[in-house]
Every structure is written in C-alpha cells, then in structure tokens.
Amino acid sequence: MVSHSGLLTVMERAARKAAPRLRRDFNEVQHLQVSRKGPADFVSMADKRAEQTIYEELSHARPDWAFIMEERGEIAGDPNKPRWVVDPLDGTTNFLHGIPHFAISIAVEEPRPDGRWDTVSALVYQPLTDESFWAERGRGAWLTDQRLRVSARNDLSESLIATGIPFLGHGDFAQWTRIFGAVAPGVAGIRRLGSAALDLAWVAAGRFDGYWESSLSRWDVAAGILLVKEAGGYITDFRGGDKMMERNEFLAANDALHNKLHKLVAGSLR
Ligand code: IPD
Ligand code: CA
Ligand code: CA
C-alpha cells in the first residue's frame, strides 16, 4: 500500500473538505437551469466557496506559503518557501450545464534559481467519482493507491486525443483549427471534455493517449503537468520545447506518440 507525504495529505484533506458542498451545489444547479436569471451567479458562488474552504485548510497547514488562486488571484507569502496553485473548480462550464465532469486542482510549486517554478506535489480530485489523481516529484503518479502509467499505444490511428477548443473571447481559433485539421484525420478520436486538469490526469492514467491546448492559466495545468511527467509521459510546448508556461502551449502524450503529434502540431504553426 503506497502512502503519500504529509503534504499530499494536507492537499487531499482540503479537496475532500470542499467536495461535499460542491457535490450538493452541483445537484442544486441542475434544478436552477430553468430559472430566468440562470444559474451562473450560483455557480460563481459555489466556485468561491470551494476556494475559500481550500484556502483555509491549506493556509492553516502552511501559514507562510503564497497562493495563486483563480478567484482571489495572488496572495503573498515567504518568497523562499513553496507556493500553492489552486483551481477550486476546473470545468465550470460543465458544472453550470449539469455535466458531471469537473475537478479540484491543487499543486505545490518550488522556486528555482532561474526564477521559474517546479511543481513538486500535485492533486486532481474529481468529487463526483471520488477519484484522486496525485503525484509527487520522483515518486510517481497514482490514482489513489494504483500506480499510473501513460498509455503504451504508439500508433496514431489507434489513439484518442483530448483538446481544449477556443471559445468566446478566449484562444486562437485559426491556430486550433489548423492543428485540428492536421491531427484529426489520422487518429481514432478527438475529445473536448472541458476540464484541462482532468484531461492531463487522464493522459497520466492512459485513458487519453495525448492532449493539446493553448491559452490556459497556471492553475489549470500546474498539477496535471506533474501527473503526466510522473506517469512517464512527455509534456512540452507546441514546438517540442520546455517553454510551456511562457508560450502558453501544452502538448502531452507518451514518448512515441508525442514525437508524432509534435510533428503535426508544429507543422500547423505560423
Ligand atoms: C477551463 C477548463 C477548460 C479549458 C478552459 C479553462 P475553468 O477552466 O480547464 O477545459 O479549455 O480554457 O478556462 O474555467 O473551468 O476553471
Ligand atoms: Ca480552470
Ligand atoms: Ca476554475
């Protein structure tokens, strides 16, 4: 039986504390679909409440660590200490529409001498399925107590690829369309499930064989990136480099497929 560190225990406790209310709110939102005002305000409240619970739990456990959170933004801490990166509800649009696919994402990042940050602990928790995807640097990626490996598929024609499609006011439609045009004809399927954190966790779990998306925020991907790496996968920017955060481009897959996907994606860039 694998045991995770005290830090991961803190992260999981925070996510599990926020989860029951998110589950209740998710059930409630389905009844609000017909109301005139619509459920958007309600969902934004649910989002903020979840973030508050997670914030209280994490800051109680590590009072001097900084935060980057989707709703509250940055909260300063000791610059020499690690920081928390939190998305309390990844998959808001699904939540709002009563689609049961969303997650809580929590990452711990450590400062590097070059000013960049490395994720050292990651948790993507799916409240409705009670699935806890977690990883610690150098200790592998896990689904509860089961070791995760990226898929072994090396044939594009058999692979299932996830992506995020640009939407109103968000992302580069022309670029996404070119990449889609290059990738889709050669693969078994493309999915847009609406939670970047779960997309990456599912690449780590071998459910998806690959994934690409751009125009994301740090809290969407910080945990997922470590999950993919610790599951033996590759994650780069669209040119195959390590400037994912700087370029805001994310391309993940197992070794063999990453090479093939990267050629198609890089060939679609202008
Ligand atoms: C969104 C999801 C989605 C991605 C969007 C994100 P949110 O996060 O991760 O899959 O395509 O770009 O903004 O808003 O649901 O937390
Ligand atoms: Ca998000
Ligand atoms: Ca969110």
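Whatever order the structure lists ligands and atoms in, that order sets their numbers, starting from 1.
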Legend entry - D220 OD1 and D87 OD2 subtending at the Ca ion (ligand 2) (10° steps): 100°
Within reach of ligand 1, part of [X] (heavy-atom separation under 4.0 Å):
X	value
L193	neither
L89	backbone
E71	neither

Can you list the atoms of ligand 1 that are under 4.0 Å from a heavy atom of [X]?
X	answer
D87	16 (O)
H170	12 (O)
A196	2 (C), 9 (O), 10 (O)
D220	8 (O), 9 (O)
E70	16 (O)
G194	2 (C), 3 (C), 10 (O)
L216	4 (C), 12 (O)

For [atom], the protein heavy atom that lies nearest, with its residue and separation:
atom	result
atom 9 (O) of ligand 1	D90 OD1, 2.7 Å
atom 14 (O) of ligand 1	T92 OG1, 3.4 Å
atom 4 (C) of ligand 1	E213 OE2, 3.2 Å

Legend entry - Approximate separation, where rounding is to 0.5 Å, of R149 CZ and E230 CD: 10.0 Å
Inset, instruction - Determine whether any heavy atom of F167 lies closer than 4.0 Å to an atom of ligand 1. - result: yes
Side-chain touch [X]/[Y], heavy atoms, less than 4.5 angstrom:
X	Y	result
T236	D242	no
H170	F167	yes
W176	W212	yes
M69	Y55	yes
S5	E136	yes
F180	R178	no
N248	L216	yes
W117	R112	no

Inset, instruction - Specify whether an N/O/S atom of W219 falls short of 3.0 Å from the Ca ion (ligand 3). - result: no
Inset, instruction - Check whether any N, O or S atom of D47 sits under 3.0 Å from the Ca ion (ligand 3). - result: no
Inset, instruction - Quick one: closest heavy-atom pair of T53 and K17, and the distance? - result: CG2-CG, 3.7 Å
Legend entry - Residue that, paired with S132, satisfies side-chain hydrogen bond (donor to acceptor under 3.5 Å, both in side chains) out of R16, Q126, H4, E12: E12
Legend entry - Within-cut-off N or O pair, A197 and ligand 1, under 3.5 Å: no
Legend entry - D199 N/O to ligand 1 N/O under 3.5 Å: no
Legend entry - Same apolar cluster (I L V M F W Y, side chains within < 4.5 Å links), L128/I106: yes
Legend entry - Backbone or side-chain N/O/S of D90 under 3.0 Å of the Ca ion (ligand 2): yes
Inset, instruction - Determine the interplanar angle of the W202 and H101 rings, folded into 0 to 90°, and report it as parallel if under 30°, tilted if 30 to 60°, perpendicular if over 60°. - result: perpendicular
Legend entry - Identity of the N, O or S atom of E70 lying closest to the Ca ion (ligand 3): OE1
